[in-house]
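These notes are about the structure you will find just below.
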Amino acid sequence: MADAQRDPRSTDTAATAEEPADKEPAAGAEGDEKRAARTSVQTGNSAADNYGQLVQDAVIYGGLHFHGEGAEGRAFGAEVTRLVRAVRRIDPQRISVIRETFAPPAGYAEFDAEFRERSIGVITGKPGTGRATTAVSTLDLGGGRIEECTAEAADNRWRLDRITVDRDRAYLLDTTAAGIRPEAIDAEVRLFADRVRAERSRLVVIAERWNEDPADNYAVLPLRPAPVEEVCYRHLTFLLEEGAARRWLSEKEIRALLDGGDPAYGARVAKQIERVVRAEAEADFAAHLQTVLGIFRNWGREVREWFEAHESAAAQAERNRFRMRDEREKSPVRREELRPDDYSRVLFEAVAVLEGCPSDAVLVNVDRLAEAWKVQVVLPSPISGGGLTAMLHQLGAYVDANDRIRFARVGFGDAALDHLWREYPKARKSLLTWSNQAVRDIPVPERRRVAQRWLQLAERQSDPKPVMGLLPAWGRDTRLRSAVVPVMAQAAAHDELGPEVRRYLYYLADNGPEAGALDTVVAQVCGQYGKVEPHAALVRLARLADRATGTAADEVRQALSEIAAEKDCRPALLRALIEWEADEQGRPRIGFARGHLGLLLSAVNARGLPLRLTEAADDPDTTPPRLVGEALGSALAVPDTRSADAVLDVWLAALRRTAGGRDRDLLEHILVRAAGASTAANVRMSRRLAVWDRERPGPAISALLALVPQADPLVQPVAGAGGGR
């Protein structure tokens with residue numbers, strides 16, 4: 001458990017990190033299940049599912065604006081799920097976009113031909129070079145879904161042999177963030193590839209490096225990124241049209257802007273051009289061009305020069321603080337004078353963090369930051385100095401009509417934060433600590449924007465510390481949780497930041513204090529990013545479930561309900577509950593699993609058919625009938641006879657009222673499968689069937705009563721026994 005045991009507090013976030021902290025349901029539609037899922041349930045963990053484990057993408061289509069649901073309470077809805085999915089998820093819409101915009105890298109045609117013959121491919125390269133886009137284009141053969149999986153060692157138990165492999169499927173495995181020895185990953189990948197081939201499925205592996213062995217018979221592509229101009233052109237053609245794409249790329253300023261960028265950058269430029277064209281539809285091309293150049297202009301040089309000028313002024317002011325009374329004096333006399341240039345830099349960084357916030361809240365917190373950094377406040381009284389407008393003018397900032405402080409140039413505040421983070425590492429911890437206090441004075445929507453600003457800084461710096469530092473401080477404050485949870489969920493699913501963030505979440509889930517405030521927020525974060533990456537989230541919820549009590553336990557249940565609300569995540573959750581219920585160590589996760597299994601398996605539609613039955617009938621590839629049968633078997637093996645019988649009664653009632661046909665056959669198949677899950681489940685079903693046969697007899701009940709004893713594992717022949725063929 002090397003990754004989990006490493007103390008994440010040994011970073012710049014140390015100042016804010018946690019200190020080693022029965023009744024049958026009525027028939028209803030799918031909405032009934034969602035309402036039932038919001039009640040008190042207990043569920044468990046699975047490490048055996050593949051859903052939601054991918055990949056960096058070259059471009060995010062859609063804005064990143066979060067609209068909450070209430071001033072201070074939970075604000076986790078469809079918008080948060082969209083934000084998390086936009087960071088990392090591959091879905092049919094994303095695949096369609098990639099299909100239209102893919103710019104093949106050098107050597108791709110040969111690689112693609114080899115892959116179609118060999119069914120296993122490896123793409124090596126750095127993140128951002130188009131590895132994931134190339135992998136998706138390779139796997140997208142015109143039908144079916146691409147399953148996503150990521151090697152992750154944070155729980156010290158997850159292995160590739162626990163990923164379910166089905167026949168004729170496409171799998172994308174990202175080993176970049178594995179966090180374990182490369183040679184161990186190589187061995188796991190080869191074993192996994194053997195299983196994929198045995199099922200006549202397809203696999204593309206993303207890696208930063210690969211020890212190629214001709215005996216593997218894999219198609220291998222050392223990725224040389226496609227030209228950034230070609231990537232931008234294809235995206236512009238998709239977003240606007242071919243003529244517009246040609247015109248934009250004919251401009252030398254745009255070509256200079258793209259020069260040296262990677263494919264992901266080319267896609268971002270194209271999307272920003274499209275946004276400007278749509279937003280400023282009345283303006284001409286020249287105006288559009290200047291807007292785009294302004295947005296992508298690298299303000300880093302201007303910010304650096306501004307800081308250098310003010311550093312020189314501050315140094316001169318320091319020298320001027322001493323003067324000789326006259327040449328005969330042996331020692332200088334101290335001159336007390338203000339150092340406005342230091343205060344200007346404090347103001348600069350405060351506005352960069354709190355841009356868009358009310359001016360009164362910003363100024364109060366500027367003085368607090370100055371005090372923390374031991375900088376003298378320029379305005380000793382409320383009406384001293386030249387006024388706010390004059391001070392902000394020096395920074396290139398202003399107060400808008402709504403009394404919000406903003407920079408006049410787009411992205412200038414980001415450049416200021418980048419400069420401070422790189423050039424003044426000693427200021428990082430105190431800036432985070434100050435901002436965690438400052439957000440308490442600003443309105444709720446602005447809090448969420450500040451949280452997003454820290455996430456964007458983390459992305460630009462390829463450093464998870466800025467966003468990780470929010471979790472302990474904001475998570476302990478009920479007023480701030482609704483702002484920090486969506487951002488942490490995005491960071492946990494992020495291709496580059498995600499591994500470190502997930503390790504931190506694992507550490508908190510496994511080592512936090514009993515019933516601590518952070519348990520609550522960790523559960524909420526897992527519930528949100530678990531709707532996109534259920535496997536990774538469930539690993540952490542498992543550890544949390546084993547020690548959570550009170551409110552934290554309720555949040556674990558709610559998190560599992562959030563995951564269950566996503567149809568594509570329910571198979572992962574069913575596998576989780578099966579594994580948790582069978583936990584050999586008898587840990588508390590068993591109770592969570594039993595409660596949630598009962599809810600999932602008791603939910604019915606308007607016709608009275610179990611929803612898990614209809615899902616297995618409509619999409620057996622996603623929800624295999626055998627999986628539903630195993631889950632039902634686990635629910636029947638629990639010690640609580642009343643709850644087990646209540647679940648079984650839902651299925652028997654459906655069997656009794658269903659005429660012959662596909663539903664009837666599938667019902668019987670799942671029930672027999674459940675009866676074969678264990679002897680305890682078989683005995684429970686046999687006894688309940690006998691009651692039904694006596695009190696509510698029918699041919700379907702009688703037929704099942706005859707089949708169930710034969711499914712008992714104790715009476716099944718052992719494979720190979722007796723020298724049988």
Side-chain angles (χ1 to χ4, degrees), residues 11-17 297-315 317-318 339-357 361-378 391-397 405-439 441-442 446-447 449-471 473-474 487 491 497 500:
T11 70
D12 288 327
T13 62
T16 53
R297 183 175 180 181
N298 182 3
W299 298 114
R301 181 173 60 85
E302 285 84 348
V303 170
R304 184 175 63 254
E305 291 173 352
W306 188 94
F307 268 84
E308 288 173 353
H310 284 70
E311 286 162 7
S312 298
E318 182 66 27
R339 299 174 57 189
D341 292 293
D342 277 2
Y343 188 81
S344 294
R345 285 188 284 169
V346 174
L347 178 62
F348 199 167
E349 294 304 334
V351 173
V353 174
L354 301 178
E355 184 176 5
C357 296
V362 174
L363 292 178
V364 166
N365 284 288
V366 171
D367 289 352
R368 291 174 181 168
L369 183 59
E371 181 181 352
W373 284 350
K374 297 180 171 40
V375 172
Q376 191 170 2
V377 176
V378 170
M391 282 198 306
L392 292 178
H393 180 71
Q394 297 180 28
L395 315 179
I405 295 181
R406 302 185 187 281
F407 285 106
R409 293 171 286 187
V410 176
F412 203 68
D414 293 341
L417 281 177
D418 289 339
H419 182 83
L420 186 76
W421 200 260
R422 286 193 307 267
E423 301 298 327
Y424 299 92
K426 291 182 179 179
R428 294 174 184 174
K429 186 166 67 175
S430 60
L431 185 67
L432 277 168
T433 302
W434 164 81
S435 70
N436 294 338
Q437 296 295 324
V439 291
D441 296 327
I442 63 178
E446 281 75 11
R447 290 175 189 165
R449 295 190 188 102
V450 171
Q452 287 285 343
R453 196 163 292 140
W454 282 115
L455 173 60
Q456 291 157 8
L457 173 65
E459 289 177 313
R460 293 193 304 273
Q461 298 295 321
S462 299
D463 183 353
K465 297 184 189 72
V467 70
M468 285 168 57
L470 303 181
L471 180 62
W474 294 39
V487 165
L497 307 176
E500 191 68 24

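All of these numbers come straight from a predicted model, not from anything done at the bench. Numbering of residues begins at 1 and proceeds along the displayed sequence.
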Would you find a donor on one side and an acceptor on the other, under 3.5 Å apart, between the side chain of Arg447 and the backbone of Ile442? yes
To the nearest 0.5 angstrom, please state how far the OG atom of Ser462 sits from the CD atom of Glu500. 13.0 Å
Do Tyr343 and Phe348 have ring centroids that are under 6.0 Å from one another? no
Compare every heavy atom of Val346 with every heavy atom of Ala370, then report the nearest pair and how far apart it is. N-CG1, 3.7 Å
Polar side-chain atom of Glu355 near backbone of Phe407 as donor-acceptor pair, under 3.5 Å: yes
Mind checking whether Val366 and Val362 have side chains closer than 4.5 Å, heavy atoms only? yes
I need the minimum non-hydrogen distance between Gly413 and Ala352, along with the two atoms involved. O-CB, 3.5 Å
Taken in chain and number order and not counting sequence neighbours, the residues that satisfy side-chain contact (heavy atoms from CB on, under 4.5 Å) with Arg449 are Pro445, Glu446
From NE2 (His419) to OH (Tyr424), nearest 0.5 Å: 5.0 Å
Counting distance only, does the side-chain N/O of Trp434 pair as donor-acceptor with the main-chain N or O of Asn365 below 3.5 Å? yes
Could you give the distance from CD (Glu459) to CG (Leu497), rounded to the nearest 0.5 Å? 6.0 Å
For Trp474, side-chain hydrogen bond (donor to acceptor under 3.5 Å, both in side chains) partners two or more places apart: Asn436
Side chain to side chain, Asp414 and Leu457, heavy atoms closer than 4.5 Å: no
From Met468 CE over to Leu432 CG, what is the distance, rounded to the nearest 0.5 angstrom? 11.0 Å
Under 4.5 Å between any side-chain heavy atoms of Leu417 and Leu431, yes or no? yes
With rounding to the nearest 0.5 Å, note down the distance linking CZ in Arg428 to CG in Leu420. 9.0 Å
Salt-bridge contact Asp441-Arg368 (side-chain N to carboxylate O under 4.0 Å): yes
Quick one about Gln461 and Asp418 (side-chain donor to acceptor, distance below 3.5 Å, no hydrogens or angles considered), yes or no? yes
Which atoms form the tightest heavy-atom contact between Leu347 and Leu392, and what is the distance? CD2-CD2, 4.3 Å
Is any side-chain heavy atom of Leu369 less than 4.5 Å from a side-chain heavy atom of Val353? no
